[in-house]
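Worksheet: the structure to be examined is printed underneath.
The basis for the numbers below is simple: all heavy atoms, side chains too, and nothing from hydrogens, waters or symmetry mates.
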Amino acid sequence: MACAASPSPLPVATLPARRRSSTAAVPACHYYPPVVAAPEATWNWKGYNIRYHYAGTSGPALVLIHGFGANSDHWRKNIPVLATENRVYAIDLIGYGYSDKPNPREFEESFYTFETWGEQLNNFCAEVIKSDAFFICNSIGGLVGLQAAVMEPQTCKGIVLLDISLRMLHISKQPWYGKPFIRSFQNLLRNTVVGKLFFNSVATPESVKNILSQCYHDTSAVTDELVQFILQPGLDPGAVDVFLEFICYSGGPLPEDLLPMVKCPVLVAWGEKDPWEPVELGRAYGSFDAVEDFIVLPNVGHCPQDEAPQLVNPLVESFVKLHS
């Protein structure tokens, strides 16, 4: 029997206190509330234009932080729902989306690092939100949220990590016999025409759709609209240099480095079918003291907030209420 549309998101999961591992309940069918585009604005940070979305007029502040190659539009299914009881902001990290993309070669030291993005996030809370906030993060965005929380603990009230990146190409995780080859390949990408040729091969609608179809378990969620949201800002001048700089970034912190230093509560949720960051490896993060719960999202891939907002939104709402 077909499932009738509901006027509000389904309450499919709640957050009990201090439960170490669980599986989110699955509704009988998927209901996606109508997506209403949130207003957007520009914030000037250190002379760079930073794009962000905002919605909601009262309640705790939430900052939604996207992953590698994505942008704040990846949260379009979450912003209107979460904004009913919260002040919600979704930011484009510098170098991504419609934020400025300064050339990394113009800096003496590495610019596109988690320290840079952590500082950006904390400054955003101070200058735009003007209060502390919860950080809701996907993939690489999880490292940004953790880094910001470590740098300024008073700013972050709590963190939700959705399929945080394991950073399997980090220098400490590379096998000894593979390090010279990985380093050579990264140098090839950064310093020769090969890098731009590689970028041009993936910066097409067909390639973006194929990549998303790999990391989404429910490929019906990979719509032409989503493809354009991801692809279009990647065609901006400077995007190729940021892309190549980050895929060659093998240093910086790992989640397991930052989690012991975090002072705020953390919720970890993981797509059961994530092909890039396997849930069995992610479970180790549930053992850190700051992590209150590790929740498995059944039949969901790497980007749960977009693929299964009916699971993610209630988890976020419960977590925020518990710690507000």
task: Report yes if some heavy atom in the side chain of Leu161 is under 4.5 Å from a heavy atom in the side chain of Leu146; otherwise report no.
output: yes
message: Under the criterion side-chain contact (heavy atoms from CB on, under 4.5 Å), I'd like the reasoning laid out for Asp73 against Gln228: C-alpha separation, chi angles, the key distance, then a yes or no.
response: CA-CA 10 Å; Asp73 289 319; Gln228 286 304 310; over 6 Å; no
task: Give a yes or no on whether the backbone of Asn49 and the side-chain of Thr42 come within a donor-acceptor separation of less than 3.5 Å.
output: no
message: For the backbone of Gly95 and the side chain of Ser99, can you confirm whether one donor and one acceptor N or O come within less than 3.5 Å of each other?
response: no
- line: Partner of Pro304 under side-chain contact (heavy atoms from CB on, under 4.5 Å), picked from Asp274, Asp163, Ile295, is Asp163
message: So, taking the atom named CZ in Phe68 and the one named CZ in Phe243, what distance separates them when rounded to the nearest 0.5 Å?
response: 5.0 Å
message: Do Leu212 and Leu297 sit in one hydrophobic cluster, given that two such residues count as connected whenever their side-chain heavy atoms are within less than 4.5 Å of each other, even indirectly?
response: no
field: His74 side, atom NE2; Ile79 side, atom CD1 - distance, nearest 0.5 Å
entry: 12.0 Å
message: Quick one, Leu231 and Pro205 - any side-chain contact, counting heavy atoms below 4.5 Å?
response: yes
- request: To the nearest 0.5 angstrom, please state how far the CG atom of Leu82 sits from the OG1 atom of Thr84.
  value: 7.5 Å
task: Quick one: pull up OG1 in Thr155 and CG in Asn123 and give me the separation to the nearest 0.5 Å.
output: 9.0 Å
message: Students often mix this up, so state it plainly: with edges at 30° and 60°, are the rings of Tyr89 and Phe124 parallel, tilted or perpendicular?
response: perpendicular
message: If you define the side chain from C-beta out and look only at heavy atoms, does anything of Glu317 sit under 4.5 Å from Val81?
response: yes
field: Ring center gap for Tyr285 and Phe294 short of 6.0 angstrom
entry: no
message: For residues Val202 and Val208: do they belong to one hydrophobic cluster (side chain heavy atoms under 4.5 Å, members Ile, Leu, Val, Met, Phe, Trp, Tyr)?
response: no
query: Can any side-chain N or O of Asn313 pair as donor or acceptor with the backbone N or O of Pro309 at less than 3.5 Å?
result: yes
query: Does Asn78 reach the main-chain N or O of Gln305 with its side chain, forming a donor-acceptor pair under 3.5 Å?
result: yes
message: Can a donor-acceptor pair be found, under 3.5 Å and without considering hydrogens, that links the side chain of Lys130 to the backbone of Glu127?
response: yes
message: Treating Ser139 as the side-chain partner and Gly141 as the backbone partner, does any N or O pair qualify as donor plus acceptor under 3.5 Å?
response: no
field: Residues that Glu245 engages under side-chain contact (heavy atoms from CB on, under 4.5 Å), provided they are two or more places apart
entry: Pro104, Tyr112, Arg190
query: How about Phe107: does its CZ atom have over 12 heavy atoms from other parts shown lying under 6.0 Å from it?
result: yes
query: Is the Tyr96 to His66 ring centre distance short of 6.0 Å?
result: yes
message: Please determine whether side-chain contact (heavy atoms from CB on, under 4.5 Å) holds for the pair Phe114 and Ile140, giving the CA-CA distance in whole Å, both sets of side-chain angles, and the decisive distance to 0.1 Å.
response: CA-CA 9 Å; Phe114 294 114; Ile140 284 295; 3.5 Å; yes
query: Are the charged groups of Glu119 and Lys46 less than 4.0 angstrom apart, N to O?
result: yes
query: Same cluster for Leu143 and Val291 if Ile/Leu/Val/Met/Phe/Trp/Tyr side chains link at under 4.5 Å?
result: yes
message: Under 4.5 Å between side-chain heavy atoms, counting indirect links through other Ile/Leu/Val/Met/Phe/Trp/Tyr residues: same cluster for Ile230 and Ile65 or not?
response: no
Pair Thr113-Ser110, side-chain donor/acceptor within less than 3.5 Å: no
field: Residues Gln120, Leu93; criterion side-chain contact (heavy atoms from CB on, under 4.5 Å); working and verdict
entry: CA-CA 8 Å; Gln120 178 191 352; Leu93 297 173; 4.0 Å; yes
field: Check: Trp43 ring centre within less than 6.0 Å of Tyr98 ring centre
entry: no
- prompt: Applying ring pair (Phe, Tyr, Trp, His ring centres under 6.0 Å), which residue pairs with at least one partner in residues 295-316 are found, sequence neighbours left out?
  reply: Trp276-His302
message: Tell me whether Glu292 contacts the main-chain N or O of Pro265 through its side chain, where contact means a donor paired with an acceptor under 3.5 Å.
response: no
Side-chain H-bond candidate by donor/acceptor type, Asp92 with Asn71, under 3.5 Å: no
- prompt: Does Ser324 reach the main-chain N or O of Val320 with its side chain, forming a donor-acceptor pair under 3.5 Å?
  reply: yes
message: Looking at Thr219, is its backbone amide N or carbonyl O close enough to the side chain of Ser213 to form a donor-acceptor pair, meaning the two atoms are under 3.5 Å apart?
response: no
query: Side chains of Gln214 and Lys209: closer than 4.5 Å at any heavy-atom pair?
result: no
Whether Lys77 side chain and Asp306 backbone form a donor-acceptor pair below 3.5 Å: yes
- prompt: Under 4.5 Å between any side-chain heavy atoms of Arg87 and Tyr54, yes or no?
  reply: no
task: Tell me whether Leu254 is reachable from Leu258 by hopping between hydrophobic residues (I, L, V, M, F, W, Y) whose side-chain heavy atoms are closer than 4.5 Å.
output: no
query: Given side chains that start at C-beta, do those of Trp75 and Ile136 come closer than 4.5 Å, heavy atoms only?
result: yes
